Amino acid sequence: MISRSFLKSSIVFTLGGALPMVAGIILLPFYTNLLSDIHYTQLIFYIGVSLLFQILFSFSLESYFGVQYTRLSGDEEKQKKFTGTVSILLLGIGVVLLFTSCLFGQKLFGIIFDKDLDINFWPYGFYSILTAFFNSYFKASSICLIYLKKSNTFLLVNFINFFATLIISIGGLHIFPDTIIGPMYGRLLSGLIIFILAQYIFAKNGRFVFGKEFLPELIKFCAPYMIFVISGWVLGQIDRYFLQTGISKADLNAYDLLLKCFFGIEFLQNSLSAVIFPKLYELWGKNEARETSPESNRYFNVFTAVNIIQLILFCIFIPFIYMLVIKNESFYKSESYIGILAAGYALRSILNFYLSTILFTKKIDVLLKIFGFSALFQIGTTFIFINLFGLNGAIYAGLTTKILQVVFCVLFTKSVFTYTFNYAKIMLVPFIYVFVNILQFVFFKEYSLFLYLFQLVFFSALFFFLFRNEIRKVLIDFKMIKA
């Protein structure tokens, strides 16, 4: 039985963790309406650099923290020493990377970015990297709060970050119009605030002693996991770097904005996974055979249904939301390819089917193969396809890579689990959605609300006939309806 306090704290942690994404989404209409094409494009890449360096600064320590901290349960002194060690290590990595970026940043920016974009390391490139350092340090401290079960403090510091980012960014956009001063300083100054808060959290809950004994296992876990996270950055960001010279700034901005809107879909997918995975681990923990079952498979059937319906609704409502909050009509052109972008996200249910078993068996090497090879494939195909097809090439490369991820999952997990499932329900249904949206993209060049409404009716009927029993059983399992 789930306790009321556990449910309350879970909601608080989920809400607090979502605030940075919510702030980013709230700011998007301000960026589109108040920034010129060139300034919006500059902001795309400064934020992209910041996201990459946040991965490097963190060294995936926030992912390892909970593993080691839980193992040290019962020894509060060692837990404090480990917390202090993480803080010192993050500060040390930060100093080294910041110094290195100062030495080579200007030259690298000159190589990576097209001169017409006027993207320079000084000052905004450095500000982006410094912001990444602040954010990575804060994220690790917030993970610390989760394992200390300090949900109210967690929510408070995230709200401070949320409001500081919005107030400084929006204020700066109006005080310094037609510049990126507002967005850049909004991220930088809010980052400084949360860095100070993070230092307080670490000082209060840790002991600043560097424990060398933690390093061997820490490095063994974090080094490969960081490669996995970098692969995720490549899969989500690399296309913009190839597109910077191949298409107009307006087209690039419209494409980027739509992909940022899909962050909301990813958040819902991750939230649903966070609910489903513990149930699966509980089931598999009772079964030493390491195999899927009709009981575990039904959760993914429900995931498939919920995911595809939310993607169709996304395609229906996003164009209306654009018209309500975005004045710059150049961003509207992305509605013509919203469906084929959504198609790639439909394959998340298949990916999660295999990902859950990989995480359960702690096969990090398999995870690295799937995402590492996918990232390399995306770099190659994106470069080739963009040169051949322009913006459409980036879309084709992204979808092809997501399909290849499914193939890699099938190939690389044969020794992880025994997979017994209904291929029509787990595999075929998501690919039907992909196929429908490919056909729609090829034969209907303009956005059609009628076609998406037809999709909604068709897939709703399909799920009713295929999954109605699974949906009912899952709702009963989560005590949302009575048996």
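Counting from 1, the numbers follow the sequence of the chain as shown. Here the structure is a predicted model, which means the values were calculated and not measured.
Taking the side chain as every heavy atom from C-beta outward, F53 and T131 never approach each other to under 4.5 Å. Between I26 and F162 there is a side-chain heavy-atom pair separated by less than 4.5 Å. Residues I193 and L189 form no side-chain contact, since every pair of their non-hydrogen atoms from C-beta on lies 4.5 Å or further apart. Inter-residue side-chain proximity for C222 and L61 is flagged as met; some heavy-atom pair is nearer than 4.5 Å. Contact of the R348 side chain with the F303 side chain is registered, since non-hydrogen atoms from C-beta on lie closer than 4.5 Å. Between V302 and L272, the closest side-chain pair of non-hydrogen atoms is not below 4.5 Å. Counting heavy atoms from C-beta outward, Y452 and N437 have side chains that approach closer than 4.5 Å. Inter-residue side-chain proximity for L347 and Q405 is flagged as unmet; no heavy-atom pair is nearer than 4.5 Å.
Scanning both residues, I129 and F57, for their nearest heavy atoms gives O-CE1, 3.2 Å. In plain terms, the two heavy atoms of I180 and L35 that are nearest each other are CG2-CD2, 4.4 Å. Here the closest heavy-atom approach between residue G48 and residue Q237 is recorded as CA-OE1, 4.1 Å. Residue G339 comes nearest to C315 through the heavy atom pair CA-SG, 4.1 Å, listed as atom of the first residue, atom of the second, then distance. Annotation for A140 and L90: closest pair CB-CD1, 3.4 Å, computed over non-hydrogen atoms. Between D114 and Q244, the shortest heavy-atom distance links the atoms N-OE1, 2.9 Å.
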### Message
Set out, in order, the CA-CA distance, both residues' side-chain angles and the distance that settles side-chain contact (heavy atoms from CB on, under 4.5 Å) for L188 and L192, then state yes or no.
### Response
CA-CA 6 Å; L188 178 65; L192 177 60; 6.0 Å; no
### Message
Walk me through whether S248 and D251 qualify under side chain to side chain donor-acceptor pair (under 3.5 Å).
### Response
CA-CA 5 Å; S248 70; D251 287 340; 3.2 Å; yes
### Residue pair L280, F360: steps toward the side-chain contact (heavy atoms from CB on, under 4.5 Å) verdict
CA-CA 9 Å; L280 297 172; F360 180 73; over 6 Å; no
### Message
Run T32 and Y322 through side chain to side chain donor-acceptor pair (under 3.5 Å) and show every step you take.
### Response
CA-CA 10 Å; T32 59; Y322 269 32; over 6 Å; no
### Message
Could you walk me through whether I112 and F45 satisfy the side-chain contact (heavy atoms from CB on, under 4.5 Å) test, starting with their C-alpha distance in whole Å, then the side-chain angles of each, then the deciding distance to 0.1 Å, before giving a yes or no?
### Response
CA-CA 10 Å; I112 294 169; F45 290 111; over 6 Å; no
### Check against side-chain contact (heavy atoms from CB on, under 4.5 Å), Q199 and L91
CA-CA 10 Å; Q199 189 61 38; L91 291 172; 4.2 Å; yes
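Under 3.5 Å, the side chains of S356 and Y299 contain no donor-acceptor pair of N or O atoms. Side-chain contact annotation: S58 with S136, donor-acceptor N/O pair under 3.5 Å absent. No hydrogens or angles considered: nothing links the side chains of Q42 and Y46 as a donor-acceptor pair under 3.5 Å. Looking at Y337 and Y255, their side chains never bring a donor and an acceptor atom within 3.5 Å of each other. A donor-acceptor pair shorter than 3.5 Å can be found between the side chains of S50 and R187.
Heavy atoms of other residues, nucleotides or ligands lying less than 6.0 angstrom from CZ of F383 number 12 at most. Enclosure of atom CZ in F373 is not indicated, since only 12 or fewer non-hydrogen atoms of other residues, nucleotides or ligands lie within 6.0 angstrom. Within a 6.0 Å sphere centred on NZ of K260, heavy atoms belonging to other residues, nucleotides or ligands number more than 12. Within a 6.0 Å radius of NZ in K402, other residues, nucleotides and ligands contribute more than 12 heavy atoms. Within 6.0 Å of atom OH in Y281, more than 12 heavy atoms from other residues, nucleotides or ligands are found, so the atom counts as buried in its surroundings. Within 6.0 Å of atom CZ in F208, more than 12 heavy atoms from other residues, nucleotides or ligands are found, so the atom counts as buried in its surroundings. Within 6.0 Å of atom CD in Q106, more than 12 heavy atoms from other residues, nucleotides or ligands are found, so the atom counts as buried in its surroundings.
The aromatic rings of F262 and F314 lie tilted to each other, with the angle between the two planes from 30° to 60°. Between F214 and F82, the ring planes are perpendicular. Angles over 60° get that label, and only those under 30° would be called parallel. Aromatic ring orientation, W233 versus Y241: tilted (interplanar angle from 30° to 60°). Relative ring orientation between Y185 and Y127 is described as perpendicular, the plane-to-plane angle rising above 60° on a 0-90° scale split at 30° and 60°. Ring planes of F202 and Y137: tilted class, angle from 30 to 60°.
The main-chain N or O of D37 is found under 3.5 Å from a side-chain atom of N253 such that the two form a donor-acceptor pair. Formation of a donor-acceptor pair under 3.5 Å by the N307 side chain with backbone atoms of Y345 is found in this model. The main-chain N or O of K78 is found under 3.5 Å from a side-chain atom of D75 such that the two form a donor-acceptor pair. Using a distance-only test at 3.5 Å, with no hydrogens or angles considered, a donor-acceptor pair links the side chain of Y332 to the main chain of I326. Listed for the N328 side chain is a donor-acceptor partner under 3.5 Å among the backbone atoms of S330. Using a distance-only test at 3.5 Å, with no hydrogens or angles considered, no donor-acceptor pair links the side chain of S141 to the main chain of L197. In this structure, the side chain of Q79 engages the main chain of Y69 through a donor-acceptor pair within 3.5 Å. At distances below 3.5 Å, at least one donor-acceptor pair connects side-chain atoms of N270 with backbone N or O atoms of E266. In terms of modelled atom types and a separation under 3.5 Å, the side chain of T382 and the main chain of I379 share no donor-acceptor contact.
In this structure, N135 CG and I194 CD1 are separated by 4.5 Å, a value rounded to the nearest 0.5 Å. Note: L368 CG to S231 OG = 7.0 Å, rounded to the nearest 0.5 Å. Atom CZ of residue F228 and atom NZ of residue K369 lie 15.5 Å apart, to the nearest 0.5 angstrom. Note: I238 CD1 to T401 OG1 = 11.5 Å, rounded to the nearest 0.5 Å. In this structure, I47 CD1 and L52 CG are separated by 14.0 Å, a value rounded to the nearest 0.5 Å. With values rounded to the nearest 0.5 angstrom, L148 atom CG is found 11.5 Å from I143 atom CD1.
Salt bridge absent: R207 and E76 never bring a charged side-chain N and a carboxylate O closer than 4.0 Å.
Two rings, from F300 and Y354, have their centers 6.0 Å or more apart.
Judged by the 6.0 Å distance and 45° axis criteria, K220 is not positioned over the aromatic ring of Y225.
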